[in-house]
Undergrad: 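What follows is a structure written as structure tokens; I'll ask about it next.
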There are 2 protein chains.
Amino acid sequence: MNLSLTEENYLKAIFFISGNEGNLVNTNAVAERLDTKPATVTDMLRKLKNKELIIYQPYKGTRLSEDGRLYAIQILRKHRLWETFLVEKLGFGWEEVHEIAEQLEHVRSPKLTERLSGFLGNPQFDPHGDPIPDERGVFPVREDLTLDRAEAGQEVLVKGVKDSSTEFLNYVAKLGIRLGDELKVVNIEPFDGSVLIQHGEAEFRLSAQASSNIYISKK
Amino acid sequence: MNLSLTEENYLKAIFFISGNEGNLVNTNAVAERLDTKPATVTDMLRKLKNKELIIYQPYKGTRLSEDGRLYAIQILRKHRLWETFLVEKLGFGWEEVHEIAEQLEHVRSPKLTERLSGFLGNPQFDPHGDPIPDERGVFPVREDLTLDRAEAGQEVLVKGVKDSSTEFLNYVAKLGIRLGDELKVVNIEPFDGSVLIQHGEAEFRLSAQASSNIYISKK
DNA sequence: AATCATTTTTAGATTTGCCTAAAATTTTTC
DNA sequence: GAAAAATTTTAGGCAAATCTAAAAATGATT
Ligand SMILES: [Mn+2]
Ligand SMILES: [Mn+2]
Ligand SMILES: [Mn+2]
Ligand SMILES: [Mn+2]
């Protein structure tokens, strides 16, 4: 089934709000996420229900059908592959790629998607550390820790971020931290859980909140 | 100015029909190229005229304004860069890439375009041998010959095709000729101008018409 | 359980891109 | 140069995606 760009974005929005458990999603929540009006969402829900991509009962909320879920995951796969391409191959910063990937994710060509994935070495995580589902829609399991769980003295590699909001990405970029960078955990303050980091020449302190949003692996 | 995908395709269509000289373009010609109806074209022409992207007088025909021409060339630049990417980096055949590039050409991000160009080594010609305009809209000048102008005994490299219709690309692909391949001109038949080619182990004869549509350079 | 507040849907419009059929204009032919 | 043919525009409509305003349903509060 071939959907319009708009329909694709609705599926993706429902997927995100719904979470892995496939919770019921409110009309208002979708409207807010897509920056549109509830009345517009209702129209689209009726349409997506007719196409059997969602399960929807008026006034009761909606969730993705199995078909809808698979479709949404394919868009997500493309989004994250393109983000990886932009960072790894074209040298973009991880805070710059989301908007462009919003466009690229709608390009329709299964062959392109698979070739792109191969070209990138079939990555399992995108530049923000988010998992990239495979062709059949299966998500890889993350093994990485977050920085707040590291131990003093450890040297670690930056694998991604949990929170990929523009605000957080900009903060991290301002600190000079990039994907793959090596960090040394100097110490962890017992009082507030903040972490003193050595990064090349620089040394700085990250709050527990910030460090709990950075994925790392042991070096 | 940000145009819709449809508007962009109209500009590109007018650019192609109009040619380098900026000839007047008929409503019917645009309709045929875009596989739509003349009445629909008239609607769009009025709209593009209001945006000052074309010069248009009812019943008299239309051509691109300077702004419109620059816009069309930017789309063309993106189209040909993406085709180059698909062939060079993802290993697509040159007969497969046009459709995908029709989608990718509409992705809006000047930075992406320039990064992509750099990543590809700022190519001057796409996989079909068509010139890729630079950032400012200037087309490179082609120095290559066509195969019908080669001399017997010469060894040449395939640089592109003049005619990039699906039919011709398929024919060339069927012969096993790919971009960058080396061909040896065994002889040229004086009677009809057909060319006997040696390509690796294979030997075959190309009509004058076919060979006049293949760009080559001396080895 | 009746009222009030919130959420959601319905009704009615608008814009964009497209269509068919009819009218107008231009071009070609005799 | 008038008639016929071709081209192009206008008129009127339709589907998709959006909006605002009003109505309906649900949920929360006394
Ligand atoms: Mn993203
Ligand atoms: Mn999107
Ligand atoms: Mn092409
Ligand atoms: Mn296009």
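Residue numbers begin at 1 in each chain, while the letters A, B, ... track the order of the sequences.
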Undergrad: Check the distance between dT16(C)'s P and N50(B)'s CG and give it to me in whole angstrom.
TA: 11 Å

Undergrad: Tell me, which of residues 3-12 of chain B have any heavy atom that sits under 4.0 Å from an atom in DNA chain C?
TA: S4(B), T6(B), Y10(B)

Undergrad: Ignoring hydrogens and geometry beyond distance, is a side-chain donor-acceptor pair present between R63(B) and S18(B) at under 3.5 Å?
TA: no

Undergrad: Does K78(A) reach the main-chain N or O of E105(A) with its side chain, forming a donor-acceptor pair under 3.5 Å?
TA: yes

Undergrad: What string of B, S and - do you get for nucleotides 2-11 of chain D, 5' to 3', when a contact is any protein heavy atom under 4.0 Å?
TA: -----SBBB-

Undergrad: Please report the shortest heavy-atom distance between K49(B) and I54(B), naming the atom on each side.
TA: N-CG1, 3.6 Å

Undergrad: Give a yes/no verdict on a cation-pi contact between R69(B) and F15(B), requiring under 6.0 Å between NZ or CZ and the six-membered ring centre and an angle within 45° of the axis.
TA: no

Undergrad: What's the CG-P distance between L48(A) and dA16(D), to the nearest Å?
TA: 12 Å

Undergrad: Between L34(A) (CG) and dC19(D) (P), how many Å, whole number?
TA: 10 Å

Undergrad: Determine whether the side chains of D192(A) and S194(A) contain a donor N or O and an acceptor N or O closer than 3.5 Å.
TA: yes

Undergrad: If the condition is ring pair (Phe, Tyr, Trp, His ring centres under 6.0 Å), which residues does F85(A) pass it with, not counting sequence neighbours?
TA: W82(A), F85(B)

Undergrad: Regarding E8(A) and R108(A), does a basic nitrogen lie under 4.0 Å from an acidic carboxylate oxygen?
TA: yes

Undergrad: Main chain of G137(B), side chain of R77(B): is a donor-acceptor contact present, judged purely on distance under 3.5 Å?
TA: no

